[in-house]
Asker: 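Can you keep this structure in mind? I'll have questions shortly.
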There are 2 protein chains.
Amino acid sequence: MASLAAELGVSRTTVSNAYNRPDQLSPELRRRVLETARRLGYPGPDPVARSLRTRKAGAVGLLLTENLSYAFRDPAAIGVLEGLALACEDAGVGLHLVPASPGRDDVAAVHRAGVDGFVVYSVPDDDPHLAAVLARPVPTVIIDQPQVDGLDRVGPDDAAAITKLAEHLVGLGHRQVGVLCMRLGRDRNDDFVSLERQRTAHFHVQRTRLEALATAFGKAGVDWATVPVVERFEHTVDEGASAARQLLGAYPQVTALICTSDILALGALAEAERRGLRVPADLTVTGFDGIAEAERLGLTTVHQPVLEKGRAAGKLLLAAGEHVNPKVITLETELRIGTTSAPPRTMEEHWFGP
Amino acid sequence: MASLAAELGVSRTTVSNAYNRPDQLSPELRRRVLETARRLGYPGPDPVARSLRTRKAGAVGLLLTENLSYAFRDPAAIGVLEGLALACEDAGVGLHLVPASPGRDDVAAVHRAGVDGFVVYSVPDDDPHLAAVLARPVPTVIIDQPQVDGLDRVGPDDAAAITKLAEHLVGLGHRQVGVLCMRLGRDRNDDFVSLERQRTAHFHVQRTRLEALATAFGKAGVDWATVPVVERFEHTVDEGASAARQLLGAYPQVTALICTSDILALGALAEAERRGLRVPADLTVTGFDGIAEAERLGLTTVHQPVLEKGRAAGKLLLAAGEHVNPKVITLETELRIGTTSAPPRTMEEHWFGP
DNA sequence: TTGAAAGCGCTAACAG
DNA sequence: CTGTTAGCGCTTTCAA
């Protein structure tokens with residue numbers, strides 16, 4: 001840039017202005033500057049140097065628990081991403097996806113990210129990447145989890161939402177239920193879950209849902225300690241199926257499988273079919289999220305507006321500074337009763353005969 | 001950082017080393033530095049300043065033609081994104097999604113992006129954002145389109161791939177065909193496409209496919225000038241249906257609809273059903289891409305490895321500098337004959353009786 | 001093992 | 001409308 005200014009016989013300010021403040025320059029001079037720039041192969045102001053000077057990176061960072069690439073396999077995550085991208089687009093800022101695998105504790109990528117703020121999507125409360133984000137002096141908005149005091153957050157009222165679902169099942173007559181849930185901590189436990197582990201789960205959303213289920217079924221006289229809960233580290237349809245297999249293998253008397261996500265529920269449905277169980281006649285299956293495929297299959301689930309979730313988080317972050325008090329946005333959820341929930345076999349027989 | 005160094009009575013270099021070169025420091029001193037940093041609320045080296053100094057941003061930019069958010073609605077685009085994210089993750093660099101709507105000619109976001117290179121995915125050859133990317137002194141890899149001399153590119157051999165498809169249809173006996181294609185330029189033309197527009201399309205992939213179809217059907221004695229081609233700006237299932245409606249409304253004698261993407265083909269199938277046309281008995285429909293839903297429905301299509309496409313582009317970019325000559329990676333495609341293609345009605349009658 | 005000096009490339013005041 | 005001055009916060013020789 002210096003050499004450009006020299007060549008033109010003007011100051012560097014003028015060159016800078018030619019790019020950033022067209023109104024501070026005669027159009028003629030500006031034209032000359034730009035043309036000379038092209039001739040000399042000057043590519044325009046360096047974005048990094050500009051960011052350093054203006055203290056604006058023009059991008060927001062996104063941190064998520066899963067492998068970056070995995071986010072593109074989960075329809076709910078894609079919805080969140082889309083909403084967030086929408087908000088960024090409206091504001092003309094970039095979306096910087098931070099590479100952060102759950103295994104690798106390499107936090108450097110968080111430190112290296114040149115961003116004006118972070119959106120953190122569904123990470124455990126003890127995630128080192130999260131700690132690294134919070135250490136940075138930029139605003140942060142959390143989607144779903146964890147809950148951090150003093151931080152903006154966007155998410156559904158998980159307890160209320162799943163309570164409605166539980167009441168639906170209780171109303172149908174289910175008392176012998178089983179639960180399939182997503183990972184409860186950073187350590188892998190593809191197995192049944194102790195009460196202790198449920199209580200101390202580092203994924204707040206899962207913990208809350210389990211607690212709310214325990215309360216709701218407790219009111220119906222079910223001792224939660226007797227309810228089998230199976231956890232899966234990977235969040236895929238196949239793992240959902242394997243979890244269902246594990247649970248039903250040990251507790252064949254279960255009449256309803258409550259899954260904390262639609263993905264897991266899809267797997268449970270597949271496993272039910274494999275075992276020759278009719279849904280909902282022999283087994284009730286429920287999900288959570290309301291992804292498109294679940295709706296297509298008529299899964300009973302709790303629908304949440306994932307796109308809106310991402311967009312709200314983006315807006316909140318980009319408006320940061322305008323508000324002082326931390327904001328919490330609670331999204332509306334809706335219990336969608338599909339064709340995968342019905343009274344348990346025994347009740348059905350009780351009502352309608354065998 | 002200066003104040004930290006002062007407080008500690010050491011130089012700034014030492015503080016810097018504490019973060020970046022642990023081996024250049026006594027562990028004891030390093031511990032002291034880091035602890036004092038915490039106490040004073042020093043958040044660690046500023047990433048932007050560091051980038052300025054090291055000339056490394058630790059991120060790659062992604063430019064795509066569609067609205068950022070739209071990329072999350074197209075399964076093929078999601079696949080590319082996933083592959084690219086995978087490559088970035090492996091290298092520990094961020095993925096910076098550049099906001100660039102097709103309408104808005106606001107190129108500033110490209111200038112502002114602090115990245116070490118760009119991946120450009122499927123943009124028209126006259127896209128101003130592309131020009132802005134090329135003006136920047138960083139390596140660039142193109143996925144699919146456009147073809148730019150001297151630039152790395154990853155994509156399928158579109159001509160060869162669609163020629164196989166055309167030969168399949170010719171072999172079945174189709175001579176009266178219609179084409180549904182994606183946008184051919186930055187201007188909106190939701191209508192039939194003249195030969196001139198086909199020839200001068202700014203989206204190289206679409207142009208190539210049309211040309212290859214013209215050649216293949218020409219060999220079979222079909223005058224391409226008589227073949228109706230309908231274009232759609234938006235790439236959605238609904239638009240595919242509307243395009244099919246427009247084409248079949250004007251050319252009901254058509255026996256096969258060739259769609260340049262699975263998304264459009266899905267719409268064509270919907271429209272066929274709406275009209276009471278049986279597929280493939282009354283109408284043959286083909287796609288391109290091989291997305292999951294298409295496979296599920298048994299669509300005859302050309303499958304391409306979208307994830308691999310994204311990953312290859314990422315690797316190529318991140319290895320840039322190691323090679324001098326521009327590299328072109330051609331991906332394998334596979335014609336997948338499903339249940340949506342069959343001999344045309346008249347031929348079928350000819351062979352099997354009415 | 002540590003420190004001093006020298007910028008990376010740019011823009012925001014402010015003065016002319 | 002244009003130029004001067006002063007850093008933004010950091011890392012990297014090189015010398016001690």
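Since this is a predicted model, take the numbers as computed values, not measurements. The sequence lines fix the lettering, A, B, ..., with proteins before strands; numbering per chain opens at 1.
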Asker: Closest approach to the side chain of Thr13(A), judged atom by atom: which nucleotide of dC10(C), dT5(D), dG3(C) is it?
Answerer: dT5(D)
Asker: The side chain of Thr14(A) lies closest to which of these nucleotides: dT12(D), dC8(D), dT2(D)?
Answerer: dT2(D)
Asker: Under 4.0 Å between a side-chain N or O of Ser16(B) and OP1 or OP2 of dT11(D)?
Answerer: yes
Asker: For DNA chain C, whose closest nucleotide is more 5', that of Gly9(B) or that of Leu52(B)?
Answerer: Gly9(B)
Asker: Categorize Arg21(B) for me: base, sugar-phosphate, or nothing, with a 4.0 angstrom heavy-atom threshold over every strand shown.
Answerer: sugar-phosphate
Asker: Heavy atoms only, 4.0 Å cut-off, all strands: where does Val10(B) land among base, sugar-phosphate and nothing?
Answerer: sugar-phosphate
Asker: For dC1(D), does OP1 or OP2 lie under 4.0 Å from any side-chain N or O of Ser26(A)?
Answerer: no
Asker: Angle between ring planes, Phe72(A) versus Phe72(B), binned at 30° and 60°: parallel, tilted or perpendicular?
Answerer: parallel
Asker: Counting only side-chain nitrogens and oxygens, does Arg55(B) get under 4.0 Å of the OP1 or OP2 atom of dT11(D)?
Answerer: no
Asker: Separation of Asn20(A) atom CG from dA12(C) atom C1', in whole Å?
Answerer: 11 Å
Asker: Where the side chain of Asp46(A) is defined as all heavy atoms beyond and including C-beta, which of dG9(C), dT11(D), dG9(D) is the nearest nucleotide?
Answerer: dG9(C)
Asker: Of the nucleotides dT4(D), dA6(C), dG7(D), which has the atom closest to the Ser11(A) side chain?
Answerer: dT4(D)
Asker: When you check the gap from the basic side-chain N to the acidic O, do Glu35(B) and Arg38(B) get nearer than 4.0 Å?
Answerer: no
Asker: Side-chain N or O of Tyr19(A) versus OP1/OP2 of dG9(C): is the shortest distance under 4.0 Å?
Answerer: no
